[in-house]
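Taking it in order: structure first as structure tokens, then the write-up.
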Amino acid sequence: MLAIGTANPTGMVLPQDEFVDDIFRLTNSDHLTELKQKLKRICQKTGIDKRYFHLTPESIVAHPEFFDRELPSLDARVDIVATAVPELAHSAATKAISEWGRPAIDITHLVFSTYSACQAPSADLRLASLLGLRPTVSRTILSLHGCYGGGRALNLAKQLAENNRGARVLVACCETTLVCFGRADGSNLVGHALFGDGAGVVIVGAGPFGETEHPLFEMVSATQTTIPKSDHVLGMQVSGAGVDFHLGIQVPTLIAQNIEQCLVDAFSKGVHPPCSWNDLFWAVHPGGRSILDNLDTVLNLEPEKLAASRHVLREYGNMSGATIVFVLDELRRRRKEGLLPEWGAMLAFGPGITIEAMVLRTPSPNKKW
Ligand SMILES: CC(=O)CC(=O)SCCNC(=O)CCNC(=O)[C@H](O)C(C)(C)COP(=O)(O)OP(=O)(O)OC[C@H]1O[C@@H](n2cnc3c(N)ncnc32)[C@H](O)[C@@H]1OP(=O)(O)O
């Protein structure tokens with residue numbers, strides 16, 4: 001990984017302790033007192049302080065169909081995301097390209113992950129055009145990978161960079177709640193309490209490196225594991241009313257029960273396993289507070305090990321596939337302060353239940369590539 005950029009929309013920046021009152025008021029739902037109280041109880045447990053949204057109070061009032069499941073709203077949602085998603089990704093990408101120090105036309109591959117890709121051509125082409133990438137840039141769009149989209153895109157970028165000499169891959173992950181934001185009901189309360197909007201971009205390449213290129217993290221090995229018989233537990237479904245999420249109550253337990261084997265598999269692919277999980281730095285997708293709590297418990301992690309994930313969860317909420325890029329960005333800040341060990345583990349989770357695991361390493365400044 002050679003550079004990282006992140007961005008959030010500023011349509012609404014909602015403190016978590018005001019979110020429920022604001023959303024119920026804006027959607028004329030104050031009479032649903034039991035639901036409101038339950039969503040407040042859940043919000044208090046999330047470990048989130050605030051979230052960013054593309055939607056504004058005005059656009060919520062202008063689109064009553066977003067909050068009435070009896071009315072079709074997919075067309076209106078797709079109209080908005082067609083512009084909003086590539087533009088948000090563009091904000092993150094310009095930061096990453098500026099840090100990388102080379103011109104955008106040196107990008108050879110683009111991998112775009114989003115669950116807002118409902119058209120073709122899609123957000124990847126729009127982003128390529130906003131950035132002025134060359135017409136020969138090799139584009140791939142990953143759709144509906146949900147919260148493991150960032151991990152999947154980075155794994156794919158690693159393969160592309162290692163198999164195409166001189167390749168420079170721009171990985172863009174951009175998720176907004178525009179496609180799913182609706183009236184709170186019994187089935188979507190946890191999603192309402194967790195999800196926010198954001199974009200994360202990483203530029204990936206293999207050596208030899210140019211003068212301006214300073215590797216941040218080396219992606220050493222990667223695995224993808226599907227937890228058997230868990231496909232009904234976590235999922236997304238596109239309907240006329242947008243994208244519905246199903247977040248089963250078993251998700252944190254199933255991840256906890258399977259995580260250690262995934263890590264052992266990732267670390268046995270030709271790299272020495274660490275003496276203890278506490279010898280690593282950790283880049284974990286903060287899918288929810290209890291997922292992080294469970295990992296602390298099953299892996300016996302010291303309290304500060306998941307600090308970057310908890311920081312991102314607190315400041316932004318769960319931005320699905322983009323979240324892992326924010327965690328990597330936070331870790332690279334800690335690395336500058338000399339706070340990271342040499343080896344690390346990256347974990348992202350999503351529908352399947354799929355676990356993307358990656359062994360990371362902080363390169364020494366003297367390393368020859
Ligand atoms: C979409 C993707 O691709 C990938 C993703 O990242 S998806 C997101 C993955 N995240 C999750 O699945 C959420 C993980 N869960 C959590 O973080 C926590 O359970 C939480 C913050 C939601 C609640 O915290 P908690 O410590 O479990 O609080 P707890 O007091 O037990 O529960 C609060 C209420 O939420 C309910 N609740 C918890 N999890 C629920 C779930 N998945 N579905 C419905 N209700 C749920 C509880 O039943 C409880 O209801 P009552 O107050 O009426 O009793």
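This chain uses plain numbering: 1 for the first residue, then up along the sequence. When a ligand or atom number is given, it counts from 1 through the structure's own listing order.
Applying the 4.0 Å criterion to heavy atoms of G248 picks out, from ligand 1, the atoms 42 (N). Within ligand 1, counting atoms from 1 as listed, the ones closer than 4.0 Å to a heavy atom of F349 are 4 (C). Here is the list of ligand 1 atoms found below 4.0 Å of a heavy atom in G350: 3 (O), 4 (C). Heavy-atom contacts of G146 reach the following atoms of ligand 1: 3 (O) (cutoff under 4.0 Å). Here is the list of ligand 1 atoms found below 4.0 Å of a heavy atom in G288: 17 (O). For ligand 1, the atoms lying closer than 4.0 Å to a non-hydrogen atom of I291 are 9 (C), 10 (N). Residue contact check: F245 has heavy atoms under 4.0 Å from atoms 1 (C) of ligand 1. Atoms of ligand 1 lying under 4.0 Å from at least one heavy atom of N318, given by number and element, are 5 (C), 6 (O), 8 (C).
With ring centers used as reference points, F195 lies 6.0 Å or more from F181.
Not a single heavy atom of S320 lies less than 4.0 angstrom from ligand 1. Using a 4.0 angstrom heavy-atom cutoff, M236 does not count as in contact with ligand 1.
For L247, heavy-atom contacts with ligand 1 shorter than 4.0 Å involve the backbone as well as the side chain.
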### Task
Would you check, one step at a time, whether the test side chain to side chain contact (heavy atoms under 4.5 Å, CB included) holds for D293 with L306?
CA-CA 9 Å; D293 290 351; L306 300 184; over 6 Å; no

#### Entry: Verdict with reasoning, E99 to L216, per side chain to side chain contact (heavy atoms under 4.5 Å, CB included)
CA-CA 11 Å; E99 176 187 322; L216 303 169; 3.7 Å; yes

### Task
Apply the test salt bridge (charged side-chain N to carboxylate O under 4.0 Å, His left out) to residues K40 and D17: give CA-CA distance (whole Å), side-chain angles for both, the deciding distance (0.1 Å), then the verdict.
CA-CA 8 Å; K40 280 193 174 180; D17 56 3; over 6 Å; no

### Task
For the pair R332 and L340, evaluate side chain to side chain contact (heavy atoms under 4.5 Å, CB included) and give the outcome as yes or no after the intermediate values.
CA-CA 9 Å; R332 105 359 218 282; L340 292 196; over 6 Å; no

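Protein heavy atom nearest atom 45 (N) of ligand 1, with residue, atom name and distance: V190 CG2, 3.8 Å. With respect to atom 37 (N) of ligand 1, the closest heavy atom belonging to the protein is I249 CD1, 4.1 Å. In terms of protein heavy-atom proximity, atom 9 (C) of ligand 1 is closest to G287 O, 3.6 Å. Among protein heavy atoms, the minimum distance from atom 15 (N) of ligand 1 is reached at S290 OG, 3.1 Å. Scanning the protein for heavy atoms near atom 26 (O) of ligand 1, the closest one is R289 NH2, 2.9 Å. Considering only non-hydrogen protein atoms, atom 31 (O) of ligand 1 sits nearest to K45 NZ, 4.7 Å. Nearest protein neighbour of atom 5 (C) of ligand 1, counting heavy atoms only, is C147 SG, 2.7 Å. Looking from atom 35 (O) of ligand 1 to the surrounding protein, the closest heavy atom is I42 CG1, 3.3 Å.
In this structure, atom 47 (C) of ligand 1 is not in close contact with the protein, since no protein heavy atom lies within 4.0 Å of it.
Between L170 and A93, the closest heavy-atom pair is CD1-CB, 4.4 Å.
At a 3.5 angstrom cut-off on N or O pairs, R41 counts as close to ligand 1. Between L194 and ligand 1, not a single N/O pair is under 3.5 Å apart. For the pair H285 and ligand 1, the shortest N or O to N or O distance falls below 3.5 Å.
Residue pairs meeting the side chain to side chain donor-acceptor pair (under 3.5 Å) criterion with at least one member in residues 140-153, sequence neighbours excluded, are H145-Y148, R152-E356.
Two residues are said to be in side-chain contact when any heavy atoms from C-beta on lie closer than 4.5 Å; W100 and E213 meet this criterion.
The number of heavy-atom neighbours closer than 6.0 Å to CG of N163, taken from other residues, nucleotides and ligands shown, is above 12.
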